[in-house]
Amino acid sequence: METIDQLKRAISKLDEREVKALLNLIFIRSEQCEGDEMIRILQSMKQSLFQVSRNEEKIERPQTVHIVFGDSPAGSLKFAFRKTTYAKTEEIIVLPDILSVGPMKSLQTKEGIENRFRWFKKNYRDDFNNFEEYKQGMVKAIEKIKAIPPYQKVIIWTCENAAEQTGLRFVLYLLKNKVNEVFELNTFKVFHEFYSYPMLEEEQFPRSSGELTPEKLLQLFEQFELRPMNFAKREALSDEGQNLLLIENHLRTWEHGELRLSNIEQGDDFIIHCAKKLHKELGTHDYMKAARLIGEVIGHMQQYTGDEWIEYRLRDLIVKEIFEYRGDLSAMRLYEVKLKKELLH
C-alpha cells in the first residue's frame, strides 16, 4: 500500500513543467467530471506518479508521446524527427499491427494477444514469417501505452481507414482512466486542409498515414494547430474500443465516417472483379501469379487490410472453387491462380 510520504516523494521528483501540466489536467477534468469519476481519475494519476518515481534513471522525459499504427508511418515519423529538436522532446510508440483485420477480443490482455496471433499463424500461413517478433512488438507497445505518465501529451496519428480508426479506439480504451491531454492527428483530414483538388494527385490520397513522406508528416505536425480531444468524444470512442474487445469479429471496415463490423467475405467480390480485369488485360484465360492479383487488389481497394488478408481471402475462394490454382498454397509467391472459366462473363 502506497503511503502519503511516498506520494510526497513522488511529487517532489517532478520538475516545474511536470507539476504545471498535472495541475492543468486536474482543473480541466474537474470541469468535465465529478463524484466517483473524478475520484477514479485522481487514483489513476496517483498510481502514475508512483510508477514514475520508481524509475531510478534521472533522464529528461519526452514532452509528448506519439502513437502510430504500422511500421511504415512510424519509420517515416522517426526519420522526420531525427535531425530536429523533436528527437529529444517526442517519443514514438508504434503498434505494428493492422487492426482492421483479425480477432480483437481481449486484445488488452496477453491471452487476447496470444489468441490473435494464433489466428494469424493458422490463416496467414508461412508467408507471414516474423510472428514472435510481431507479437512482442504489440505486447511492448500496449505496455508502454498503459505506462504513459499523466503529464505527457498524447498524439494519436490516424487516417480515414479502418486499421487506424480501430487503433484509435483501442488506444483510447487503454487510456480510459488516464488524465493526459489527448490529440488526434488525422493525416487525411489535415492533408486536405493544406492541399485542395486538383492539386492532389488523387482525391482519396492518402489512404493511410504510411503513404505520406517524412517531410509531409513533419509539415502536418508543425503547421496544423492541434486541439485536445474533448471529453465526450474521447469517452464515446473509448466505449467503442471496449465493445470491440468484447466480441468475436475478424474484419472492420470504415464507411461514411463510421467504423463497422463486417463479414469476412465483404471484399471477395472485389477480388473477383480485379481478376476479371487482369484476365481481360492479358487477353487470355491463363494462370497469373497470385502476388500480381493481390497487388492489383491492394492498389485499388479503398479498405486498408494488408496483402496477407487479401491472400487469406484468395485461398478461401480457391477452396470454394471460384478460382483454380497450380503450385504450392503455403506462400503467395509459390502459386498461380485463374478464375473458373464460367465466371469470366
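Remember, predicted model here, so these are calculated numbers, not experimental data. This chain uses plain numbering: 1 for the first residue, then up along the sequence. Values below: all heavy atoms of this structure, side chains included; hydrogens, waters and symmetry mates excluded.
Side-chain contact between Gln219 and Leu212: absent, with no pair of heavy atoms (C-beta onward) separated by less than 4.5 Å. When side chains are defined from C-beta on, Trp254 does not count as touching Thr166, because their heavy atoms never get closer than 4.5 Å.
Taking the centre of each ring, Phe117 and Phe120 come in below the 6.0 Å mark.
Of all non-hydrogen atoms in Leu282 and Arg292, the two that sit nearest each other are CD2-NH1, 3.4 Å. Taking both residues in full, the closest heavy atoms of Leu314 and Ala290 are given as CD2-CB, 4.1 Å, listed atom of the first, atom of the second, then distance. Residue Pro62 comes nearest to Gln152 through the heavy atom pair O-NE2, 2.7 Å, listed as atom of the first residue, atom of the second, then distance. Closest heavy-atom contact between Leu95 and Ala141: CD2-CB, 3.7 Å.
Judged as a side chain to side chain donor-acceptor pair (under 3.5 Å), not a single pair has a partner in residues 72-82 (not counting sequence neighbours).
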Return all side-chain donor-acceptor pairs below 3.5 angstrom for residues 238-247, not counting sequence neighbours, or 'none' if the list is empty.
residue : atom : partner : partner atom : Å
Asp239  : OD1  : Lys176  : NZ           : 3.4
Glu240  : OE1  : Arg169  : NE           : 2.7
Asn243  : ND2  : Asp239  : O            : 3.4

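For Asn186, the side chain to side chain donor-acceptor pair (under 3.5 Å) partners two or more places apart in sequence, or in a different chain, are Glu160. For Gln266, the side chain to side chain donor-acceptor pair (under 3.5 Å) test picks out Glu255, Ser262, with sequence neighbours left out. In this structure, the side chain to side chain donor-acceptor pair (under 3.5 Å) partners of Lys277, at least two apart in sequence or on a different chain, are Glu296. Every residue two or more places apart in sequence or in another chain that forms a ring pair (Phe, Tyr, Trp, His ring centres under 6.0 Å) with Phe221 is listed here: His66, Phe81, Tyr86.
For Lys320 and Glu265, the salt-bridge test passes: some basic side-chain N is under 4.0 Å from an acidic carboxylate O.
In this structure, a donor-acceptor pair under 3.5 Å is present between the side chains of Glu132 and Gln136.
To the nearest 0.5 angstrom, Thr84 atom OG1 is 11.0 Å from Lys88 atom NZ.
In this structure, Tyr335 and Tyr325 have perpendicular ring planes: the angle between them is above 60°, well past the 30° mark.
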